[in-house]
Amino acid sequence: MDQTHSAPKVLVTGGAGYIGSHAVLELLAAGYRVVVLDNLSNSSAESLRRVTELTGKPAPLVVGDIRDRGLVTDLLAREQVQAVIHFAGLKAVGESVEQPLAYYDNNVNGTIILLECLAAAGVRALVFSSSATVYGDPQQVPVPVDAPLGPTNPYGQTKAMIEQILGDLAISDPRWALGILRYFNPVGAHPSGRIGEDPRGIPNNLMPYVSQVAVGRLAELAVFGGDYPTPDGTGVRDYIHVVDLARGHVAALARVLARPGKFTVNLGTGRGHSVLEIAHAFEKASGRRVPYRVVGRRPGDIAQCYADASSARQLLDWQAELGLAAMCADAWRWQSDNPQGYGEAS
Ligand code: NAD
Ligand code: UD1
C-alpha cells in the first residue's frame with residue numbers, strides 16, 4: 001500500500017499491549033496509518049515508542065479508556081478512521097474469577113460503548129480479539145471453528161458474549177464488517193528484540209515463565225500435570241508466533257475494509273506442542289538450562305487444544321509461517337535484551 005495521505009487509518013484499541021504493539025508494527029509496515037487508544041492499565045507507552053523506532057513511522061497514542069464515551073466520540077470525530085482493531089481488554093483468567101464484575105464491565109460494557117460510538121460515527125468495520133478459550137474443553141482436536149462454545153471462566157464468558165453481540169449487530173445492520181479472530185496461544189516477540197511480552201509480576205502463562213527461568217529470574221518451572229492423555233503426559237497447546245498473529249490482523253483488516261458481513265476464524269498453527277517440548281526447545285534456543293519439576297494439574301486446565309486453522313487460510317489467505325524454534329529464539333532475545341521488560345525504559 002502507498003504511503004499517501006489516502007492510506008486507510010485504523011484505530012487500534014489496546015495497541016500499546018503485547019499483541020497490539022506487534023500488530024501496530026505490521027500495520028505500519030503494510031502502509032496503514034494508525035492511532036492507538038489505550039488506558040495503559042497493562043502496558044507502557046514505551047512499546048509504541050519502540051514501534052516508531054523500528055518502522056520510522058508515527059504510532060500516535062491517545063491515553064484513555066474505551067468506556068469513556070466522550071473521549072472516544074471526540075477521537076473518532078478528529079481522526080476519521082476507516083476501521084478498528086479492538087484489542088483492549090483484561091485477560092487474566094484467575095483474576096476474572098476473583099473480579100468478575102471488573103471483567104464484564106471492562107470487556108463487555110467497554111465493547112458496547114465502543115460499538116455505539118463507532119455506529120454514531122459511521123465506522124462499521126471492526127476486527128475483534130477473541131480467544132480459543134471460548135471453546136472451553138474442546139470435544140475434538142484440531143478444533144474446528146464451528147465447534148460448540150463452552151467457556152469455563154468469566155474471562156472466557158466475556159469473549160463469548162462479545163462474539164454474540166457482534167453476531168447480533170451484523171444481523172441488525174448488514175453494513176457492519178466484523179472479523180472475529182480466535183487466538184490460540186500467542187508467544188514470542190518481534191525478531192528485533194525491541195518489543196515483546198511484559199507481564200506484570202510472576203507470569204501465569206508458560207512461555208514467559210520459561211523465559212524468566214532461563215534468564216535466572218525464576219528458579220524452576222512447575223509443570224502442571226504429567227498425567228494427561230497426551231504423548232508425554234503434559235498439556236498440549238497450539239503456540240503461535242506473535243508476528244504471525246499480527247500479520248493475521250493485517251489480513252483480517254483488508255477483508256473488513258473490502259466487504260461487509262461477519263466472519264470468524266481460528267488463528268493458530270494447527271500443531272500442538274507439549275509443555276516439555278516447549279521447555280526443551282527453549283533450552284536449545286537460549287543455550288540455558290530450564291530446570292523443571294512436575295507438580296499437580298492446574299485447576300481448570302485442559303489436556304490438549306490446537307486449531308483447525310483452515311478457515312483463516314480460506315477466508316484471509318493467511319497461515320502461520322514461523323515454527324517453535326523461531327518462537328523460542330525471539331522470546332529469548334526479547335527476554336535477555338530486556339530482563340526487566342520495559343521496566344526501566346517506561
Ligand atoms: P495486553 O494486556 O498486553 O493488551 C491489552 C491492552 O488493552 C493493554 O495495553 C491494556 O492497557 C489495554 N486496555 C485494557 N482495558 C482497556 C480499556 N478499558 N480501555 C483502553 N485500553 C484498555 O494483552 P494482549 O495479550 O496483547 O491481548 C490483547 C487482546 O487479545 C485482549 O483482548 C486479549 O483478551 C486477547 N487475547 C490474548 C491472548 C493472549 O494469550 N495474550 C489470547 C487470546 C486472546
Ligand atoms: C491460558 C488461559 C486461556 C488463554 C490462553 C492464551 C488459563 C486457565 N487459561 O491458557 O484463557 O486464552 O492462556 O494464552 O489461564 N503450564 C505449566 N506451568 C506453568 C504455566 C503453564 O505447566 O507455569 C502449562 C499449562 O498447564 C498448559 C500449558 O503450560 O498445559 C500452557 O499454559 P498457558 O500458557 O497458561 O496457556 P493455556 O493454559 O492454554
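Worth saying up front: this structure is predicted, and the values here are computed from it rather than measured. As the structure lists them, so they are numbered: ligands from 1, and atoms in each ligand from 1. For the numbers below, each heavy atom of this structure counts, side chains included, while hydrogens, waters and symmetry mates do not.
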Exercise. Side chain or backbone of L221 under 4.0 Å from ligand 2, or both, or neither, by non-hydrogen atoms?
Worked result: side chain
For this session: Give a yes/no verdict on whether any heavy atom in T13 is under 4.0 Å from an atom of ligand 1.
Result: no
Problem set entry | Element-labelled atoms of ligand 2 that are located less than 4.0 Å from some non-hydrogen atom of D301 | 8 (C), 25 (C), 26 (O), 38 (O)
For this session: Flag V93 as yes when one of its N or O atoms lies below 3.5 Å from any N or O atom of ligand 2, and as no otherwise.
Result: no
Problem set entry | Which atom of G226 lies closest to which atom of T234, heavy atoms considered | CA-CG2, 4.4 Å
Exercise. Quick one: which of F224, Y239, Y228, Y135 has a heavy atom closest to atom 22 (O) of ligand 2?
Worked result: F224
Exercise. Would you call G64 a ligand 1 contact, heavy-atom distance under 4.0 Å?
Worked result: yes
Exercise. Closer than 4.0 angstrom: is that true for some heavy atom of G110 and an atom of ligand 1?
Worked result: no
Exercise. Just distances here: any N/O of N185 and N/O of ligand 2 closer than 3.5 Å?
Worked result: yes
Exercise. In terms of ring plane angle, is the pair F87 and Y183 parallel, tilted or perpendicular, where the classes change at 30° and 60°?
Worked result: tilted
For this session: Mark up the atoms of ligand 2 that fall under 4.0 Å of a heavy atom belonging to T133, in ascending order.
Result: 11 (O), 12 (O)
Problem set entry | ligand 1 atoms in contact with S130 (distance to a heavy atom under 4.0 Å) | 43 (C), 44 (C)
Exercise. What are the atoms of ligand 1, with element, lying closer than 4.0 Å to any heavy atom of F87?
Worked result: 28 (C), 29 (C), 31 (C), 32 (O)
For this session: Compare every heavy atom of E277 with every heavy atom of L324, then report the nearest pair and how far apart it is.
Result: CD2-O, 4.3 Å
Exercise. Counting both backbone and side chain atoms, is some N or O of S131 under 3.5 Å from an N or O of ligand 2?
Worked result: yes
